[in-house]
Structure formats: structure tokens, C-alpha cells
Amino acid sequence: MERIKVKIINRSGHELPAYETPSAAGMDVRACLEHPVVLQPLERALIPTGLRVQLPQGHEMQLRPRSGLALKHGISLVNTPGTVDADYRGEIGVIVINLSKEPFVINDGERICQMVITNYTHVEWEPVERLDETVRGDGAFGHTGVN
């Protein structure tokens, strides 16, 4: 597994994002709130984290829902995964949505999502007139008939 150094400013008053187990891919991110936020059913809100990062070139940060919040409370992220680019220097915000039928309260310091930092590739397009043939061809959604 690759290890990289990432510069971080933490104005949240909470611990830095951390891996909960040695093999975890994601780190828990906490809310940085002056007051609790009550999310009504189907309501979304931008939750601040108090964190700013400087990712190395060629890396991105993905923000993903926490499975426990999703299963137990119907809490997810609107733009999952949310992407933070290497050249962004602003505070990281998380767009949270309540997909349940009950209000949900987000408190300061609550773990609201997972952060995964990964490398990426830039594409150089090669315009052509035809693509190589495959068994699948242009079969789209549900083309195999398997549910």
C-alpha cells in the first residue's frame, strides 16, 4: 500500500480523520458545527468539517457515505462520491441528505462520512472512426437478461 504525506489545516477542534482499522481504505470525517443541524426527511445540507488539505498532484479525495449511518438512519451524501481536487484549498464541506422518514440531528464532532484519498489518471483522447469488436458489443443496461 502506498503512503503519502498530505498537508492539512484542522480548525474543527476535533481529531484529524483517521483509519479505524489497519486495513481500512477510508477515514472518518467529523462535522464542525456551532449548533446541531436537524435534517428533515429528504432535506439536504452542506456540513462544514473545519478541514483544508493540500493533496499531492495526481491524487483526489473522495467523500463517501458511512454505511452505518446509511443503514440505520438513511443518511447519505447527495453527490456520492464527492470529489475534492488536488488544487482545491477551501474548507471541505459535505453535502448530506436524509433519505429516511424521520428527522435526523447532526451534532458537532459527529462522524458524517468517509474520506478516501486515491491517485487518478488523466486521459488523452484518441479520436477514431471505429472501436475494436467485443462479445458484448453495444449491449446496454440489462442486455444479458440477468436480474
Side-chain angles (χ1 to χ4, degrees), residues 1-127 131 134 136-144 146-147:
M1 128 182 40
E2 176 187 13
R3 292 193 183 271
I4 60 170
K5 294 241 183 219
V6 175
K7 294 179 181 179
I8 187 167
I9 296 173
N10 182 4
R11 301 223 195 300
S12 73
H14 305 296
E15 61 191 71
L16 290 174
Y19 300 103
E20 294 294 321
T21 65
S23 294
M27 297 175 269
D28 289 337
V29 177
R30 297 177 184 276
C32 177
L33 300 169
E34 292 182 20
H35 307 286
V37 172
V38 178
L39 279 179
Q40 298 299 325
L42 299 180
E43 186 177 24
R44 64 188 178 275
L46 179 62
I47 305 299
T49 65
L51 303 174
R52 294 171 183 256
V53 299
Q54 181 177 324
L55 296 170
Q57 287 300 316
H59 288 77
E60 66 159 328
M61 175 189 298
Q62 294 181 4
L63 300 174
R64 302 174 180 180
R66 291 190 65 235
S67 57
L69 282 180
L71 178 63
K72 296 174 186 171
H73 303 286
I75 302 303
S76 191
L77 306 187
V78 175
N79 61 328
T80 184
T83 298
V84 178
D85 295 311
D87 56 356
Y88 179 68
R89 296 295 184 268
E91 180 179 4
I92 296 168
V94 182
I95 307 170
V96 178
I97 188 165
N98 180 356
L99 298 174
S100 77
K101 296 178 182 176
E102 303 295 326
F104 183 80
V105 178
I106 300 174
N107 293 296
D108 182 50
E110 184 161 355
R111 297 178 298 162
I112 55 171
C113 72
Q114 294 243 326
M115 165 195 299
V116 174
I117 297 176
T118 186
N119 52 9
Y120 61 86
T121 303
H122 271 184
V123 169
E124 291 184 23
W125 294 110
E126 180 184 348
L131 303 175
T134 67
R136 179 175 180 176
D138 62 1
F141 303 103
H143 80 283
T144 62
V146 176
N147 293 333

| Are I97 and L39 side-chain neighbours, meaning at least one heavy-atom pair lies under 4.5 Å? | no
| said: So if I apply the side-chain contact (heavy atoms from CB on, under 4.5 Å) rule between I117 and each of M27, Q62, E60, which one comes out positive? | reply: M27
| query | CG/L63 to OG1/T80 distance, rounded to the nearest 0.5 angstrom? | reply | 8.5 Å
| query | Please walk me through it: do T49 and I47 pass side-chain contact (heavy atoms from CB on, under 4.5 Å)? | reply | CA-CA 7 Å; T49 65; I47 305 299; 5.9 Å; no
| note | Scanning both residues in full, the closest heavy-atom pair of V53 with I8 reads CG1-CG1, 3.9 Å
| message | We want to know whether N98 and Q40 form a side-chain donor-acceptor pair, criterion being a heavy-atom distance below 3.5 angstrom. | response | no
| query | Quick check: are there more than 12 heavy atoms from other residues, nucleotides or ligands sitting under 6.0 Å from CZ of R11? | reply | no
| said: Quick check on E2: does its CD atom have over 12 non-hydrogen neighbours (other residues, nucleotides or ligands) under 6.0 Å away? | reply: yes
| Nearest atoms (heavy-atom pairs only) where G26 meets Q114 | CA-OE1, 3.3 Å
| task | Nearest 0.5 Å please: distance from the CG atom of L69 over to the CZ atom of F104. | result | 5.0 Å
| field | Heavy-atom side-chain proximity of P17 to L51 below 4.5 angstrom | value | yes
| Hey, does V96 have a side-chain heavy atom less than 4.5 Å from the side chain of L77? | yes
| For the student: nearest non-hydrogen atoms of S12 and N10, plus distance | OG-OD1, 2.6 Å
| Distance in Å, R30 CZ paired with R111 CZ, rounded so as to fall on 0.5 Å steps | 6.0 Å
| request: Taking all non-hydrogen atoms of both residues into account, name the closest pair between A86 and P56 and its distance. | output: CB-O, 3.7 Å
| request: Report yes or no: does R52 contribute a side-chain atom to a donor-acceptor pair with the main-chain N or O of R89 at less than 3.5 Å? | output: yes
| field | Any T118 side-chain heavy atom under 4.5 Å of M61 side chain | value | no
| Is the closest side-chain heavy-atom distance between P48 and E91 below 4.5 Å? | yes
| field | Gap separating the OG1 atom of T121 from the CG atom of N119, nearest 0.5 angstrom | value | 7.0 Å
| field | Heavy-atom closest contact (Q54 atom, V6 atom, distance) | value | O-CG1, 3.7 Å
| Just checking, any donor-acceptor pair under 3.5 angstrom between side chains of H14 and D108? | yes
| said: Please find the pair of heavy atoms, one from P65 and one from S76, that lie closest to each other, and give the distance. | reply: CG-OG, 3.5 Å
| note | d(N107 CG, I112 CD1) to nearest 0.5 Å is 11.5 Å
| note | One should read off an interatomic distance between I75 CD1 and S67 OG, to the nearest 0.5 angstrom, of 13.5 Å
